[in-house]
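Report on one structure; see the data block that follows.
No experiment lies behind these values; they were computed from the predicted model shown. Order of appearance sets the numbers: ligands from 1, and atoms from 1 within every ligand.
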Amino acid sequence: MVLVSGSGTNLQALLDAATDPAYGVEVVAVGADRPAITGLERAERAGVPTFVRRVGDFGDRAAWDADLARTVAEYQPDLVVLAGFMKLVGQEFLARHGSRTVNTHPALSPSFPGMHGPAEALAHGVKVTGATLFVVDAGVDTGPIVAQTAVPVLDDDDVESLHERIKAAERSMLVEAVGRMAREGFTITDRKVRFGRE
Ligand code: GAR
């Protein structure tokens, strides 16, 4: 199960990888917090069921979160991948799916959490940044780290060129790590995420 908010290039990388049975992953559904986005089109093109849950259609954020959690549960996913999902999930979602939900973030955690990872890395003047896949917890991009990938920041980068370089590395990282989580399982001990079953 993948949740998206935008262009869905990370989702596409997973959909492409999942066409090979040896990859061991089936994308059972794609959900979004807004309609008419390329991410949803990608899912439809791949024949994957989709759903949309807009915060504005619910009385409050908690009601949205509970409905999202319920909807995700209907698909009984082993893993929930937030791939460019621009909403924080809430208490109910975490209670039901927290231990199997991963998020990909365009920075090297714990640096530059939040919505503007590439812009903040550029503004800070770091020479290396990247992407982080982590198990979601109640914080903003603070959960146990599954995988990271680094890319250089070049002198003539703007936010867009830097984010595109990050995203290219991010997609490979995501495909590799999600495949391993699905095929091998994973454990979390004192924040350390390890592939393999206990
Ligand atoms: C990715 O770089 C992802 O890390 C980022 O949005 C991009 C989505 O691209 N997510 C966040 O910033 C979450 N805070 P995509 O829609 O093409 O996969």
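- The single protein non-hydrogen atom nearest to atom 7 (C) of ligand 1 is H163 NE2, 3.9 Å, given as residue, atom name and distance.
- Ring orientation note: the planes of F134 and H105 are nearly perpendicular, at an angle over 60° on the 30°/60° scale.
- E170 OE1, 3.3 Å is the protein heavy atom nearest to atom 1 (C) of ligand 1.
- Among protein heavy atoms, atom 9 (O) of ligand 1 sits closest to K167 NZ, 3.2 Å.
- Contact annotation: T104 has at least one heavy atom less than 4.0 Å from an atom of ligand 1.
- At least one N or O atom of T9 sits closer than 3.5 Å to an N or O atom of ligand 1.
- Nearest protein heavy-atom neighbour of atom 5 (C) of ligand 1: P106 CD, 3.7 Å.
- With hydrogens and angles left out, the side-chain atoms of S109 and D141 include no donor and acceptor closer than 3.5 Å.
- Here the two rings, on F112 and H124, have centers that are under 6.0 Å apart.
- A distance of 6.0 Å separates CG of L162 from CZ of R165, quoted to the nearest 0.5 Å.
- The backbone N or O of F93 sits less than 3.5 Å from a side-chain atom of D65, completing a donor-acceptor pair.
- Counting only heavy atoms of the protein, atom 8 (C) of ligand 1 lies nearest to G84 CA, 3.6 Å.
- The backbone N or O of A22 sits less than 3.5 Å from a side-chain atom of D20, completing a donor-acceptor pair.
- The closest donor-acceptor contact from the side chain of D67 to the backbone of W64 lies at 3.5 Å or more, if one exists at all.
- Among protein heavy atoms, atom 16 (O) of ligand 1 sits closest to G8 N, 2.7 Å.
- When the options H105, Q12, M86 are ranked by their closest heavy atom to atom 10 (N) of ligand 1, first place goes to M86.
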